[in-house]
Amino acid sequence: MSLQQFVAALDDLADDAKRAFDAAADPDTLEEARIKFLGAKKGLLKSIQKQIGSVGKENMPTAGQRLNEVKSLIEQTFQATQDRLTGDAADGADPTFDPTLPGVAPEIGHVHPITQTIDHLMEIMGRMGFEAAEGPEVEDPHHNFVALNIPEDHPARDPLDNFYLSVGDGQVSRFVEGTRLLRSQTSTVQIRVMEQRQPPIRIISLGRVYRPDAPDATHFPMFHQMEGLMVDRNVTMANLKTVLRIFATNYLGDDVEIRFRPSFFPFTEPSVEVDFLWDGNWVEFGGAGMVDPNVFKAVGYDPEQVSGFAFGLGVERLCMRRHGITDIRDLYSGDLRFLRQF
Ligand code: PHE
């Protein structure tokens with residue numbers, strides 16, 4: 001073997017070894033490759049080394065030097081690959097890394113108190129057979145007003161009390177054809193459910209509603225309501241009061257009492273305000289009543305055949321009472337010092 005052939009064989013071997021190490025995807029494969037190339041007895045480098053005598057005495061020093069260079073090159077490549085596979089390159093490179101120090105705990109988020117309340121209310125009402133239904137937050141006047149027996153000239157439709165959206169040519173008015181608004185009550189979902197299904201119906205709907213109120217401790221332009229609707233033959237006001245009482249004792253406590261005060265809503269007749277006695281005070285939580293026959297007619301039900309009750313309760317108010325929160329704005333400030341407590 002000439003010196004040239006010897007050197008060429010070494011270079012080829014270095015290339016082959018690098019390729020084999022690069023291709024190794026796990027430590028075992030890498031170890032096999034190491035034995036193949038660098039093995040002390042039968043390694044390929046060793047077998048070239050054994051032929052060093054054939055280059056001739058005068059070429060021996062050059063051949064030996066070359067052999068050592070290639071050997072350490074292959075060893076370095078092996079070491080780099082091993083570091084890559086075991087992760088030493090990343091960890092070992094940082095001398096400040098101390099595995100004995102406690103780690104930085106990741107911030108783990110949790111469910112917002114209002115969402116927790118919604119889940120809780122759904123669970124309580126679910127046990128009484130009320131199924132959750134949903135409707136859109138951007139509504140048309142038919143579902144927010146007309147089908148709910150709220151006539152065109154009713155003050156509840158005033159733009160000062162509603163968020164009308166601009167439509168088509170950018171006009172914002174309750175009189176524009178195709179006008180839309182952010183729903184001001186979840187009673188819209190009563191209509192949407194009755195349009196789709198036939199009685200018996202027993203649903204609740206929990207979601208956001210919007211009214212242009214200036215924010216203060218008890219008002220916020222966006223809040224949540226729990227709407228309830230039960231329609232069947234012979235549903236009575238006693239059923240309504242029983243459902244609300246069971247609900248209130250489950251959510252607020254056994255000692256809670258319930259009171260109905262006469263009121264008016266266009267979509268219920270008779271209508272009541274619902275108060276709960278809580279911590280010695282009567283607190284208003286929402287409205288309720290027996291579904292108005294005009295509402296049944298609007299969805300194609302026969303008011304002679306079915307009757308029903310509906311209620312709408314303020315979710316924030318329930319949540320605030322239960323948790324002793326005194327300012328509704330705290331719920332929506334995004335202040336983690338507040339939210340972490342729940
Ligand atoms: N939608 C009424 C409100 O927002 C509450 C209500 C719901 C009253 C259902 C009666 C029946 O004030």
Side-chain angles (χ1 to χ4, degrees), residues 118 121 125 128 130 132-137 139-151 154-158 160-163 181-195 201-213 218-232 235-245 247-248 258-276 283-296 298-299 301 303 306-318 328:
I118 287 174
L121 302 184
M125 295 305 294
M128 283 191 274
F130 286 79
E134 278 185 40
E137 291 175 27
E139 263 296 4
D140 51 55
H142 177 77
H143 290 93
N144 204 85
F145 302 122
V146 180
L148 287 163
N149 200 30
I150 304 175
H154 194 282
R157 295 176 73 154
D158 197 284
L160 288 173
D161 292 325
N162 294 283
F163 287 108
L181 72 159
L182 299 180
R183 68 178 178 193
S184 61
Q185 52 184 353
T186 45
S187 301
T188 53
V189 186
Q190 291 182 37
I191 303 301
R192 289 193 173 271
V193 169
M194 287 191 283
E195 281 172 343
I201 283 176
R202 208 189 284 200
I203 58 110
I204 48 163
S205 185
L206 281 143
R208 297 185 186 95
V209 298
Y210 301 85
R211 295 178 192 176
D213 291 329
T218 53
H219 295 87
F220 205 72
M222 182 279 299
F223 60 99
H224 295 71
Q225 287 186 327
M226 174 167 75
E227 192 81 12
L229 175 70
M230 176 164 173
V231 183
D232 204 338
V235 174
T236 69
M237 201 121 178
N239 298 140
L240 169 63
K241 201 165 190 180
T242 304
V243 165
L244 287 176
R245 186 174 43 75
F247 163 74
I258 179 171
R259 168 174 92 175
F260 280 179
R261 270 181 300 123
S263 186
F264 175 80
F265 296 101
F267 35 92
T268 45
E269 182 61 33
S271 303
V272 295
E273 303 283 347
V274 183
D275 300 339
F276 295 137
V283 186
E284 186 189 318
F285 279 93
M290 301 307 292
V291 180
D292 193 289
N294 284 342
V295 173
F296 282 144
V299 296
Y301 286 7
V306 291
S307 59
F309 66 69
F311 61 83
L313 306 182
V315 174
E316 278 77 1
R317 197 165 279 192
L318 286 164
I328 189 174

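Ligands are counted one by one from 1 in listed order, and the atoms in each one are counted from 1 as well.
The residues lining ligand 1, counting any heavy atom closer than 4.0 Å, are Gln185, Ser187, Gln190, Arg211, Gln225, Glu227, Phe265, Phe267, Thr268, Gly287, Ala288, Ala310, Phe311, Gly312.
The minimum heavy-atom distance linking Val243 with Met128 is given by the pair O-CE, 3.7 Å.
Side-chain contact between His219 and Arg211 is absent, with no heavy-atom pair separated by less than 4.5 Å.
Using a cutoff of 4.0 Å between basic side-chain nitrogens and carboxylate oxygens, Arg317 and Asp275 are not scored as salt-bridged.
A side-chain donor-acceptor contact under 3.5 Å links Ser184 and Asn144.
Residues passing the salt bridge (Lys or Arg N to Asp or Glu O under 4.0 Å) test with Glu227, sequence neighbours excluded: none.
Taking the six-membered ring for Trp and thresholds of 30 and 60 degrees, Tyr301 and Phe296 have nearly parallel ring planes, at less than 30 degrees apart.
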